[in-house]
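Have a look at the structure below, then the notes.
Side-chain atoms are counted along with the backbone in the values below, which use heavy atoms only and exclude waters and symmetry mates.
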Amino acid sequence: MDIGFLAQYVLSGIMLGVVYAMVAVGFTLYFGVLDVINFSHGDVLTAGAFVSLATYLGLRATGIDSPVVVLMIMLVVALGSMALLGVLIAKFFVLPLRHAPPFITLLITLMVGIAIRESIRLFYPSGSNPQSFPQLLPKTAYHWGNLIVRQDTLILILTGLAVIALVNLFINHTRAGLAIRAVAQDGETAKVMGINFEWIVLLAFALGSALAALAGVMNGLYYNEVNFGTGLMLGIIGFCAAVVGGLGNIYGAILGGFLFALLQTIVVVAVPSLTAYKDVFAFGVIILLMVIKPTGLIGEVSSERV
Amino acid sequence: MSALLSCHGLVMRFRGLTALDDLDLDIRRGEILGLLGPNGSGKTTFFNVVTGVYKASGGRIEFESQDISKSSPQAVYRAGIARTFQRSRLCLPLTIFDNIMIGNARHLDHGLWFNLVRRKQLRRQFEACWAEAHDLLTIFNKALGTRLLQAAGSVSMIDRRRIEVCRALVSRPKLLLLDEPSAGMTHEETNELMDDILAIRKRMPELTIVIIEHGMSVIERITDRCVVLNYGRKLCEGTYGEIARNADVQQAYLGTS
Amino acid sequence: MFSSDKLPGAASAVAGVIAIAVFAMVLLRIHDQWGLLALGVIGGIALLLAVRTGAAAHFERAFAAHERLMNGVVVVAFLGVIAVLAKEDFSLLILSTVLLYCVACMGLTVQLGYCGVMNFAGAAFFGAGAYTAAVLGGHTSLPHLLVVLAGGLVAGLLGSVLLLPVLRTRGHYAALITVAFGILFRSFLDVNNTLGGPQGLTVPGMTIFGWSLNQGLAIGGITLSFYVNYALVTLALAIVVYTVTRRLERSWVGMHFDAVRIDELAASTFGLNVQGLKIMAFVIGNVFAGMAGAVFAMMTGFISPTDFDFPTSLVLIAIIMLGGIGNLWGILPAAAFVLILPEKLQAIQEYRFLLYAGAVILVLLYRSAGLFPRRLRRHFPPKAVS
């Protein structure tokens, strides 16, 4: 097998894995702190991508040129606005229903996701069509013999891995992260210990949503395109990845994300004629894994008192 | 007296916490056994392991010479063990009648054909069950008899506990596990409840009961024998009088001087 | 004004049904957009007044008290509406579609409303039945009534294969699987050319015992729309499925479904076969959806993957949430509202998913039991003494 050819797919697989992992970490955060499945997560990703696109178009009108500056502003606006959206979703739709059966929260977040998706489709100019996303990262490629590596791919992968590592650091080595973990373990006790339960939940949602926004921007930069339906599939995959790794477990989410990407890449590389079925295949394997290990590969983290 | 249920070296570990630590316990046929111990000593965990809610980390449980260590909750129920829960677990949106009948799965016909097509027979079974539920419930609270068709959520906490006891009794189990049935009740209500339980016992003399309780007067009054747990191990056993005088027990509950 | 201790008489219930039927008739016949808007406003005000004055609650009690009679009255009302619309293809098509969606939603009610099994792929099972009908109807000479049954069986089988792996896990895993299935069903069909691909499949019309439904009946010189035939068949299917579902609810099985939904753990300690019950509910619900899908395919004559996509599954869920989760009678008004309104009011057609999502969100936040909350479950509700 041609190394260069293989390496292409490996790199794009890693790229996908990074994006899936970021989405999965969001799901795991929400489940961790509130035992909820937040199905609007994928659509927040899309919204983040669209907000950054709109920012780009606005900046272009003002004549700012430097791609680095433009990208930075886009990221700040997208991540900031999506963090805010995440907080609003938590405050108005999720927290009020935290004592209702979990199905209700699942359903309301699903509906919020639809509302976001449809709003983009209806109210963004020609929203039902795919939008071209600007190319802001250098596309020059490094050549090592047969191996061709684009700079933007490398930048995206490294950024993604760095962000995941940072989030991990935040959760495991800061006081705020400790508070999140405390609430995830036992909300009632955390409250008694003086942790402001609501603030921590909002923080978790802000963090998860910012991650989603980043994933959305990265997705847009890589494919040079965004579409109002992008988030739905990414959300399902991200949820799937979080579940197979073990809901509530950050390492599990990361593992699950890369695993899903790996499964998709295997299909594309080994059986190219079945590329259209790569999602079905990956889901199938995941379901098999769930049957073998129902609480996830690393282990689900939740609490139920008998 | 032969042992109805016996546990040997029972261990239950939860990620770092050992709730049951090499527990040996025998429950004799026909007795009322009090299970005591400070909070966290493993009493409810013991119930959960026996009823198959938790899978024991080690050890063996035998019920009527049958190994039920790895049995599912359903299998344990079918063998003839029923229970109440420490934290009330009733189906509040359902009627009181439904709640009681949920405990009677052993004697109900579950087949789709029976339930969908043989409606006359279903009605007859329903009416028989109605009489049973009514009988049982009125032992505990006459007033509830007329409220069988009301939602369980519409009655008081005390009545809900009574309904839970009825749910556990309706299938005529061999072993009844009561987890703090008098929690939240006043002295009078507790005494009433104990009277009712003893009345049930008269009707079903082979019924063996294990009761987790904190009220000492209850224990003294109703139990034949007591077992005290501490940190998941058996601290001592004997009649109420014996264990009350035991120095270790006093230390466990009150601390050393 | 409308409160009373004794069971209310049947007259008020009958009057209510007639009023609703007349409203539906007018709604289905009007095409003028302003007229529709006016009708909608009038309907909304009437509903509000009914709820405020207690007339709605009175109607509900009267309806429930005279069940046998009211079932008959509703069927007669349907026949009346069908008769009035006898020459209007489109109106009858909408009516039949509403009835078929109701059947699928009754299936969803068994799964979600009774047993608490999440199913976000309702449209996919509906579609499984439809494609079964397309394949069997187009390539075999299997009698069409059996084709309908086959549609149900295929959907049921598909469901059991899907759910068995995740039965031992927590609820959200089942949610994940059905969401994934709901999304992938359509993409699977799109790439699969043996089943027509994105272009879809044509389906031969239904023939029952030699009577071809695609030919309009001629009565006394007037030729009725052939959709009258389908309306009657869908009504019959709805009646059968309603009866089965109602009996299921009013039995030990229905009681056990509820027990599993409310508290799985307690249910297991009292011997209930939780996994068996969930599978039973899931399969039964999907069989209903599959049968409805088969009839849908034969009625519309042409199906394509977009008819059975994820948003459609969500519409089914929206219907049972709005109507009142677990309440069979709430399905009809909710389905009518969700399906008829966007068809008629062209202006909101594009926005309908946004509106559905908004409506469900409002219901979940403020009235999570739905517009018509489910009544207390009974084995044998008392009949009114005449």
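With no hydrogens or angles considered, a side-chain donor-acceptor pair links C/Thr312 and C/Asp309 at under 3.5 Å.
Across C/Ala175, C/Ala180, C/Ala318, C/Ser368, the residue that shares the most heavy-atom pairs under 4.5 angstrom with chain A is C/Ala180.
Heavy atoms closer than 4.5 Å to chain A are found nowhere in C/Phe181, neither backbone nor side chain. Within the 4.5 angstrom heavy-atom criterion, only side-chain atoms of C/Ile325, from C-beta onward, approach chain A. Both the backbone and the side chain of C/Leu364 come within contact range of chain A, with heavy atoms under 4.5 Å apart. Residue contact with chain A, scored on non-hydrogen atoms closer than 4.5 Å, involves the side chain of C/Leu184 exclusively. Within the 4.5 angstrom heavy-atom criterion, atoms from both the backbone and the side chain of A/Ile108 approach chain C. Only the side chain of A/Phe39 comes within less than 4.5 Å of a heavy atom of chain C; its backbone N, CA, C and O stay farther away. In this structure, chain C has a heavy atom under 4.5 Å from the side chain of A/Leu122, while its backbone stays farther away. Both the backbone and the side chain of A/Leu107 come within contact range of chain C, each with at least one heavy atom under 4.5 Å from a heavy atom of that chain. With a 4.5 Å cut-off on non-hydrogen atoms, C/Ile177 touches chain A through its side chain but not through its backbone. With a 4.5 angstrom heavy-atom cutoff, A/Ile104 touches chain C via backbone and side-chain atoms both.
In summary, C/Glu350 and A/Arg121 engage in a salt bridge, as defined by a charged side-chain N under 4.0 Å from a carboxylate O. Of the charged side-chain nitrogens involved, at least one lies within less than 4.0 Å of a carboxylate oxygen, so that C/Glu249 and C/Arg374 count as a salt-bridged pair.
Distance check, rounded to the nearest 0.5 Å: CG of C/Leu112 to CE of C/Met321 gives 7.0 Å.
The aromatic rings of A/Phe27 and A/Phe239 lie tilted to each other, with the angle between the two planes from 30° to 60°. The aromatic rings of A/His41 and A/Tyr30 sit perpendicular, their planes meeting at an angle over 60°, well past the 30° parallel limit. Below 30°, between 30° and 60°, or above 60°: for A/Phe260 and A/Tyr20 the angle between ring planes is above 60°, a perpendicular geometry.
Here the side chains of C/Phe120 and A/Leu110 are in contact, with some heavy-atom distance below 4.5 Å.
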